[in-house]
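Read the structure below first, then the notes.
These values consider heavy atoms only, across backbone and side chains, with no hydrogens, waters or symmetry-generated copies.
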Amino acid sequence: MPRLTLIVPAYNVQGYIGECLDSVLGQDFTDFEVIGVDDCSPDGSGAILDSYAARDARIRVLHLTENVGLGRARNAGLDLATGDYVLFLDSDDTLAPGSLAAITARLDATDDPDILIYDYTRTYWDGQLLRNKRSDLMAEGDPAVFSLAERPQLLDLLQIVWNKAYRRDFVTRHGFRFPPGYYEDAPWTYTSLIAAERIAVLDRSCVLYRQRREGGNILRTVSRKHFDVFDQYDRVFAYLDERPDLDSWRTALFRKMVDHFLTVLEKPGRLPRNARAEFFHRAAKDYRSRLPEGFERPPGGRGYKYALLGVDSYSAFFGVTRANNVRHRARLGGQARIGRAKRAALGMFYRSQLRMPLDENLAVFSAYWGRGYSCNPAAIEAELGRLAPGVRRVWAVRSEHRDRVPAGVEKVIVGSREYWAVMARAKYLTNNVNFGDTIVKREGQIHLQTHHGTPLKTMGLDQARYPASTNMDMEKLLRRCDRWDYSLSANRFSTTVWERVYPCRYTTLETGYPRNDVLLGSTAADVVKARHDLGLADGSTAFLYMPTHREYEKSFAPRLDLPKLAEALGPDVTLLVRGHYFYKPTGRLAELQASGRVVDVSAHANVEQLYLAADALVTDYSSAMFDYANLDRPIVVYADDWDTYRVVRGTYFDLMAEPPGTVATTQEQLTAVLCSDAWRDEKAAGLRAAFRERYCDYDDGHAAERVVRRVFLGEEALPPVVPLAERTPAPSPAEALALVLEQAAGKA
């Protein structure tokens with residue numbers, strides 16, 4: 001008897017079911033069975049199920065002789081289930097790595113509840129990931145096991161069955177079955193929840209809920225089948241009618257019923273236009289017949305719609321909806337007109353400022369498309385303040401990132417009147433990416449391009465050979481690059497790449513990267529402080545995990561099962577996880593921090609401080625490896641998709657042949673590396689030394705000074721680069737702690 005049974009109905013999903021089954025069979029927990037139910041699918045779904053069953057004995061396939069619909073297909077699978085717990089997984093969805101192990105561990109920890117509820121994340125065709133909006137309801141508090149009466153807010157979760165594990169004998173004892181028709185999850189979900197005596201939750205996103213671009217589910221199907229919702233709530237209230245002891249749930253379920261009716265009415269693309277009035281009148285009838293005594297409508301506009309249902313006034317309801325839509329369109333139209341007028345006025349203002357004299361003592365800085373104060377521009381700005389305090393330094397930042405500029409640093413908001421004024425009149429413009437196309441390069445202005453990494457992946461014109469990696473207009477790109485006067489380089493390798501992929505008339509400055517100066521100039525006290533600021537315990541080990549952006553992934557999802565890795569590494573190891581700046585927060589990392597051994601540092605303002613705090617870097621193809629190598633600390637490459645990455649994005653060298661340290665291609669290999677001394681042994685040190693010889697040419701702790709003296713002060717004689725063998729990187733965390741303790745003992 002397996003611990004888990006997963007029931008996977010299949011109908012017209014031949015493009016998805018393989019990915020679904022792969023996500024199940026690839027789980028590290030193996031004590032499960034899969035019952036695939038071919039709901040007489042007209043495509044190849046049934047054959048795909050059979051092919052998987054032929055390869056894995058844990059899969060059994062049931063071929064139905066007629067199409068019975070999702071609910072009854074689940075019933076057919078339920079009849080064959082033998083596991084302690086039953087899970088339902090739709091065949092176009094997938095399981096996140098490590099989910100079955102986490103589910104089973106939670107079942108064990110809560111002594112086999114009737115129902116375990118876990119979370120899910122919506123995945124969109126464009127790669128966007130959005131965790132369940134009510135993930136706050138998944139908090140694992142005390143008591144760990146409870147009844148619905150103790151946490152009735154769980155009714156506010158989407159009424160779905162595939163985010164729950166059901167104890168099979170609980171299902172059998174109560175005789176739960178799925179009804180036919182649309183919205184079949186509602187009666188099962190509500191009745192099972194109110195019947196359960198012991199419920200637990202798992203605060204982890206286990207199911208990746210596919211939002212298919214072309215539709216594929218009932219919510220995007222215009223049909224009279226949406227009238228099935230009435231039959232489903234007939235079943236819910238019939239269940240209550242037969243069990244007077246559950247009468248206390250009548251008010252809560254009435255509210256869920258009415259909200260569901262309103263959702264069907266208000267969402268476009270569900271009801272045929274000629275069926276809306278009929279649906280409303282049926283909803284009004286059920287409203288009046290089931291209205292609980294003393295029921296209080298919700299406040300505001302929602303409550304008004306309840307009232308209109310109560311008096312069966314479709315004309316008034318339709319009028320409210322139409323008026324709201326008209327007001328919304330009018331507001332959007334008015335906003336668009338105002339926006340166009342503002343842009344025209346700012347354009348005229350910018351052109352007027354371009355006719356004003358340049359301010360010889362004004363310098364504008366920006367980084368990462370206005371995302372804040374960071375990288376090479378920040379290091380140069382600080383050094384300029386030290387060497388030329390008379391120069392006014394202004395930081396250009398987008399409004400949503402204004403708080404990421406330190407106190408005391410002057411800033412302007414990109415697109416504002418002040419922004420256009422300084423961009424038109426500043427003598428110096430510094431950025432690690434290009435300024436927008438509307439910026440005019442004036443005669444006499446000096447444009448400094450600092451870049452933001454050493455290029456392992458293809459850049460500039462070379463990206464045209466890899467169309468999957470970019471849709472950039474190369475002619476426009478080169479026009480932006482024509483504005484450069486100086487291009488910074490961290491090493492000879494970068495120089496050869498930049499000058500080929502950005503073939504414009506600029507001067508290359510082989511100064512090193514200013515942002516890396518801190519890695520060579522920091523003291524033991526600086527290292528200890530960086531760790532304490534992150535809450536790292538003295539003597540503990542911190543691995544900084546920094547994966548790079550992938551063009552085929554539109555939001556950041558760790559490629560590792562981080563809780564599992566943290567558990568394997570033990571309590572004295574912390575994983576610092578930093579997602580690429582291209583990705584918007586998804587909430588996925590926040591849920592991994594409960595143990596305190598996985599810390600999301602994606603929003604940390606200063607990556608160099610993370611470098612100082614970390615005992616080792618774990619990365620894939622990120623340029624972070626070139627920067628971190630300046631510390632002469634261990635680097636581990638986790639390259640699970642190297643063959644895909646090099647084909648999609650293109651690379652300038654074979655990282656597998658020339659790595660900066662130990663390489664792992666699976667999580668198991670990485671765990672073995674980090675749990676042993678392989679990440680810092682002699683072989684790893686030899687690889688790192690060769691890598692440093694190739695790529696750490698100019699970063700000696702004085703790059704910012706060289707840049708300021710050359711670009712802003714006009715000096716030709718610059719401080720020479722310190723040879724690699726003579727440089728002294730910041731001490732490792734262990735060395736730093738020993739030095740600080742020794743100094744403290746000496747003072748005592």
Side-chain angles (χ1 to χ4, degrees), residues 2-64 67-71 73-104 118 120-125 129 160-166 168 204-212 214 216-217 552-553 557 559 561 564 640-641 644 666-668:
R3 182 65 164 150
L4 307 176
T5 296
L6 287 88
I7 297 174
V8 184
Y11 183 81
N12 273 349
V13 286
Q14 63 182 7
Y16 304 104
I17 192 168
E19 185 180 357
C20 172
L21 294 175
D22 287 341
S23 76
V24 176
L25 299 179
Q27 296 283 315
D28 50 1
F29 179 83
T30 60
D31 186 17
F32 62 82
E33 65 176 357
V34 177
I35 299 176
V37 183
D38 171 19
D39 190 16
C40 200
S41 182
D43 67 354
S45 297
I48 294 172
L49 283 171
D50 287 338
S51 68
Y52 272 84
R55 300 196 303 267
D56 196 312
R58 293 174 296 179
I59 299 179
R60 288 186 288 160
V61 181
L62 173 64
H63 295 280
L64 302 182
N67 176 241
V68 298
L70 180 59
R74 287 172 175 161
N75 290 339
L78 191 60
D79 291 338
L80 299 180
T82 63
D84 297 334
Y85 278 83
V86 176
L87 289 69
F88 300 96
L89 181 64
D90 287 356
S91 47
D92 56 352
D93 297 336
T94 56
L95 290 179
S99 294
L100 294 186
I103 289 169
T104 307
Y118 39 87
Y120 63 92
T121 294
R122 285 180 166 87
T123 68
Y124 293 82
W125 64 270
L129 297 175
I160 47 179
V161 302
W162 44 254
N163 71 331
K164 302 174 184 71
Y166 300 88
R168 189 165 59 88
R204 177 183 174 124
S205 187
C206 295
V207 178
L208 302 179
Y209 176 28
R210 189 189 301 272
Q211 309 296 293
R212 287 157 66 174
E214 73 282 10
N217 63 54
Y552 43 94
E553 293 180 354
R559 305 185 68 83
D561 185 341
K564 180 180 178 182
D640 66 319
D641 62 341
T644 300
T666 66
Q667 174 148 347
E668 291 72 21

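- Within the 3.5 Å criterion, the main-chain N or O of Gly83 finds a donor-acceptor partner in the side chain of Arg168.
- In summary, of the residues considered (Leu100, Thr104, Ile103), a side-chain contact (heavy atoms from CB on, under 4.5 Å) with Gln27 occurs for Leu100 alone.
- Rounding to the nearest 0.5 Å places CG of Leu80 at 5.5 Å from CZ of Arg60.
- Pairs of residues two or more places apart, or lying in two chains, that qualify as ring-ring contact (aromatic ring centres under 6.0 Å, His included) and include a residue from residues 78-103 are Phe88-Phe178, Phe88-Trp188.
- Thr121 and Ser205 share a side-chain donor-acceptor pair at under 3.5 Å.
- Asp39 contributes atom CG, which lies 5.5 Å from atom CG of Leu64 (distance to the nearest 0.5 angstrom).
- We find the CZ-CZ distance between Arg58 and Phe32 to be 3.5 Å, quoted to the nearest 0.5 Å.
- Classified by interplanar angle (parallel below 30°, tilted 30° to 60°, perpendicular above 60°), the ring pair Tyr209/Tyr120 is perpendicular.
- When all heavy atoms are compared, the tightest approach of Pro9 to Ile7 is CD-O, 3.5 Å.
- Closest non-hydrogen pair, Asp90 versus Arg74, comes out as OD1-NH2, 3.1 Å.
- Nearest heavy atom pair, residue Pro2 against residue Thr82, reads CD-OG1, 3.3 Å.
- Atom CG of Asp56 and atom OG of Ser51 lie 11.5 Å apart (nearest 0.5 Å).
- The two residues Ser23 and Leu95 come nearest to each other via the heavy atoms OG-N, 2.9 Å.
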Legend entry - Chi angles and distances behind the salt bridge (charged side-chain N to carboxylate O under 4.0 Å, His left out) call for Asp93, Arg210: CA-CA 5 Å; Asp93 297 336; Arg210 189 189 301 272; 5.4 Å; no

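- The closest side-chain donor-acceptor pair between Asp22 and Tyr52 falls under 3.5 angstrom.
- When side chains are defined from C-beta on, Ile59 counts as touching Leu25, because their heavy atoms get closer than 4.5 Å.
- Rounding to the nearest 0.5 Å places OH of Tyr166 at 11.0 Å from CG of Leu78.
- Atom-to-atom distance recorded for Ile48:CD1 and Cys20:SG is 11.0 Å, nearest 0.5 angstrom.
- In plain terms, the two heavy atoms of Tyr11 and Ser91 that are nearest each other are N-OG, 4.5 Å.
- Taking the side chain as every heavy atom from C-beta outward, Leu21 and Leu49 approach each other to under 4.5 Å.
- At distances below 3.5 Å, not a single donor-acceptor pair connects side-chain atoms of Asp31 with backbone N or O atoms of Leu4.
- Looking at Thr123, its side chain never comes within 3.5 Å of a backbone N or O of Leu129 through a donor-acceptor pair.
- Gly77 approaches Ile35 most closely through the heavy-atom pair O-CD1, 3.4 Å.
- Residues passing the side-chain hydrogen bond (donor to acceptor under 3.5 Å, both in side chains) test with Asp43, sequence neighbours excluded: Ser41, Ser45.
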